[in-house]
Amino acid sequence: MLPMLVVFYSWTNPQVEAWKHLTETVLSDYVIHSLILAAGVGIGVSAIGTGSAWLISQFDFYGRKTLQWLLVLPMAVPAYIIAYTYTGMLDFAGPVQSAIRESFDLSYGDYWFPEVRSLPGAIVMMSLVLYPYVYMLALNAFREQSQSLYESSKTLGISGRRYFFRVALPLARPAIVTGASLAMMESLADYGTVQYFGVNTFTTGIFRTWFGMGNQQAAAQLASLLCTFVFVLILLERFSRHKRRYFNTGTQQRVVQRRAMSPKFQWIAAVLCFLPFLFGFVAPSLQLLYWSISHWQQNFDDQFLTLAFNSFMLAAIAALVVTFIAVFVSYAKRLVVRKDVQIATQLASMGYAIPGAVVAVGAMLPLIWFDTQFDSFMQNLFGISTGLLLSGSLFALVFAYSIRFLVVAVQNTDDGLSRIKPSMDASARTMGLSPKQVGIRIHLPLLRGSLLSAFILVFVDVLKELPATLIMRPFNFNTLAVRAHELASDERLVDAALPAMAIVIVGLLPIYLLTKKMDES
Amino acid sequence: MIEIEKLSIAYDKNVAVKEASFTLAKGEVACLLGPSGCGKSSILRAIAGLESIESGKVILRDDVVSSTTSILPTEKRRIAMMFQDFALFPHLNVEQNIKFGLFKQSKDVQQKRSEELLQLVGLEGLGSRQIHELSGGQQQRVALARALAADVDILLLDEPFSSLDTSLREELAADIRRIVKQQQITAILVTHDQHEAFAFADVIGVIRQGEIQQWGTAFELYHTPVNLWVANFVGEGALIKGLADERGIVETALGCFPSNLENSSASEVNVLIRPDDIVHDDSSRLTAKVVEQAFRGSHIMFTLELDSEQRDTVLCLAPSHHNHEVGEYIGIRLDVQHVVAFA
């Protein structure tokens, strides 16, 4: 919550000059590009996610079972990484255009080829890796729809496409909107892709104002504008979630029976479902793999190992801290039913929706303020300069990560705690266990799984995180994500591949957890 | 109107329905009664075209709609169906649900029809309500209205009352029967609840393990079951031992009675005694020991042990002001002219 207050508070110190400059030059670009980006990604992920979920949930076709979870894998690839790989593949010197030139004997300017590094390019890249949000929620929604809805529609003379548009889609809409708004939040929060593609959006604007113009207040004010956009999305998401509750009447639901298809349509369905996986995961992974192997000896050195070690350490520390806080939050929710506690925990859970750049700006300003105050205080009293005690250290990063990723962990610890019914506590107490013993002998073993998944999810999120790390990292401290970003920005895509691949591989871990959960339910 | 001819249904070689046959005339109301998993729903779903068949035929209005070679899709069969979970569309309101199947008609016709139906099912003025605002009984009424909206003459009901409170069930079953009869609709109800079946249907088919055991009225099922299984499944009762002679007269601990067994070679038989066959009568010389009693409001169901070698037990439904303790001997009298015996 703190960073939000900070960025909005920044308006008390209006930066007239900076804003004059911004409105005259790039502000309209920021607004329009961010809006187009979010809208485009919303449409893209809805189309891919809903389409594949419908096929997977309703029909039997070749490879359906495998595709069902393969379709989730693109989630492991951060948008900025897929952007690097496609740039490598599709830009002028890349294999695709070279092949076209060779086979048709063309040279530069003779033919039209879509420019990857553009706003539409960014929309496609993000849609390819963010559609699993919609896919998973829509899949669940379609599966929950009772078989008798389909059958009664048939007895009423409605089937096929008409059923999809009149019944299935409207019923799944809240789930689809939820998924799409999550994807749109991510697209608004993205920094790596848009920066690399040279698209001016809010996040690139915040960076430019912070580092380029050196105006931290104005950056915070920009951040607050971005927040307003995100708020709209949060409201949208909350609203549709609220609505979803009503969309399940029916008391005894029968599970959807998948329908058979003719061999021809089976192939079509299989190919259609394979495409998002191919473009969202296989192609970029192969490209990364190829680059990594071709320059293995140059890049796999001590420097890389240090880099990986730094990243993993940082991610592990942050994940531990966040999981620890999450346990407190979950227990607070469970033990205290007071309204203000409930509201406070809800507010804390909004951090995930706030873009990393905003969190960074909002967390950095108060830390810098504290550091300067504390420094002058120590100077005056003891003549010691403490320097940037907090804002210049890992503390700042861990602080920002805690704000941003707390909700991920809390969801897991909440889930774990909800499975420990109060009656279990009560029965353990009647058997003579003290509250402390109940904690150790009942809660801890039962919570172990949730704690582990909370830790892993935060760990991977931290590893992938780019904008906040970029702003807040201590001088000369690098992570895999930051290094990949730096190398790619220097047009050294091939060298960026190794750290990028490391991120993708580790990113598969939570996907595995996720698919396991999907199978269980 | 509806004709089923030697219908068999199988799931992966497991036979669910075996050579079932029956015929319903226009306006007739039937029930398929049986324990869960007996195949009754499969028959209904085959009639609706939601299930493919192994062999046999389904004939609706003189047209063969299901055979081993071809299946007419459900949406072309002009049937109405009600489901256990109502299957109402939660994103549409009451009126939109009712109009759902009328998409080919003009707006005016749709409106008129939906108002007619709301009145028919007793939900006038609730057209703009959301589904989740209605009670279970009201939801089922909407489901009926929606099913009947397209003006079809065949209604299939797949356990439509089982998710409702017991008290609501009978009321709704009677209401639906009234409407179905009034509209001259041919209907089939699938249920495992015999009271529901008795209240709803003209004829009942009792099904066990995919085979129709008996097809008849409620009275016939209760008083002249064709086999031991039907006797046990329908109604309450007890079996006592008896000896039959070649004329079909059966001798039991309760006396001698003519039976359904004629020219039978069997001598040792089981005789079905219904609770209403035994009348509690303090003046009777015949007595039996109370071994159990269950209070049922207006009546008490006594389980009595007869004073015979086999220690047969029978049930007796006595008015509830006769209270007798377990272990007491009470006077009973048999009120039957004819008994059903099984070899």
Side-chain angles (χ1 to χ4, degrees), chain A residues 50 54 58 60 137-138 140-178 239-262 265, chain B residues 11 41 44-45 47-52 72-93 96-105 130-136 138-140 142-143 146-150 152 154-160 162-164:
Chain A
T50 312
W54 175 250
Q58 303 293 313
D60 258 326
L137 287 163
N140 213 11
F142 285 137
R143 280 191 180 149
E144 274 175 11
Q145 291 175 6
S146 168
Q147 173 74 7
S148 50
L149 285 180
Y150 176 71
E151 288 174 356
S152 68
S153 299
K154 282 194 92 171
T155 65
L156 294 168
I158 282 181
S159 69
R161 202 163 7 140
R162 209 182 246 131
Y163 172 72
F164 175 74
F165 283 111
R166 288 197 56 187
V167 181
L169 190 62
L171 281 178
R173 202 181 49 214
I176 295 168
V177 172
T178 304
F239 178 71
S240 50
R241 189 176 292 189
H242 175 72
K243 212 169 165 190
R244 208 162 63 192
R245 250 179 274 151
Y246 292 125
F247 277 23
N248 274 317
T249 52
T251 38
Q252 279 152 316
Q253 305 225 336
R254 280 183 303 137
V255 278
V256 172
Q257 285 166 6
R258 283 188 299 277
R259 305 196 277 284
M261 288 174 124
S262 70
F265 281 104
Chain B
Y11 305 107
S41 278
L44 198 75
R45 293 167 60 79
I47 297 172
L50 296 167
E51 204 81 72
S52 57
L72 186 72
T74 303
E75 58 270 28
K76 296 195 174 141
R77 292 191 177 203
R78 291 188 294 122
I79 48 161
M81 190 158 175
M82 285 172 73
F83 294 82
Q84 187 170 13
D85 58 2
F86 312 146
L88 293 171
F89 303 116
H91 61 302
L92 304 176
N93 68 22
Q96 289 164 332
N97 260 288
I98 296 174
K99 291 176 182 170
F100 186 80
L102 302 175
F103 58 98
K104 282 175 190 150
Q105 261 126 41
Q130 292 298 315
I131 298 303
H132 63 81
E133 295 170 341
L134 302 181
S135 70
Q138 287 174 323
Q139 290 190 14
Q140 195 55 289
V142 177
R146 185 182 67 176
L148 298 180
V152 291
I154 294 177
L155 176 64
L156 307 175
L157 305 106
D158 191 0
E159 307 226 13
S162 56
S163 46
L164 300 175

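All chains are named by letter (A, B, ...) in the order of the sequence lines, taking the proteins before the strands, and each is independently numbered beginning at 1. Values below: all heavy atoms of this structure, side chains included; hydrogens, waters and symmetry mates excluded.
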Main-chain N/O of B:Gln84 paired with B:Asp158 side-chain donor or acceptor, under 3.5 Å: no
Which residues share a side chain to side chain donor-acceptor pair (under 3.5 Å) with B:Ser135, sequence neighbours left out: B:Gln138
Donor-acceptor pair, side chain of A:Ser148 and main chain of B:Ala87, under 3.5 angstrom: no
Contacting region of A:Arg166 [heavy-atom separation from chain B under 4.5 Å]: both
Residue among B:Ile79, B:Val152, B:Thr74 with most heavy-atom pairs under 4.5 Å to chain A: B:Thr74
Which atoms of B:Arg78 approach chain A - backbone, side chain, both or neither, heavy atom under 4.5 Å: neither
Those residues that, when tested against A:Phe164, pass ring pair (Phe, Tyr, Trp, His ring centres under 6.0 Å) (two or more places apart): A:Trp54
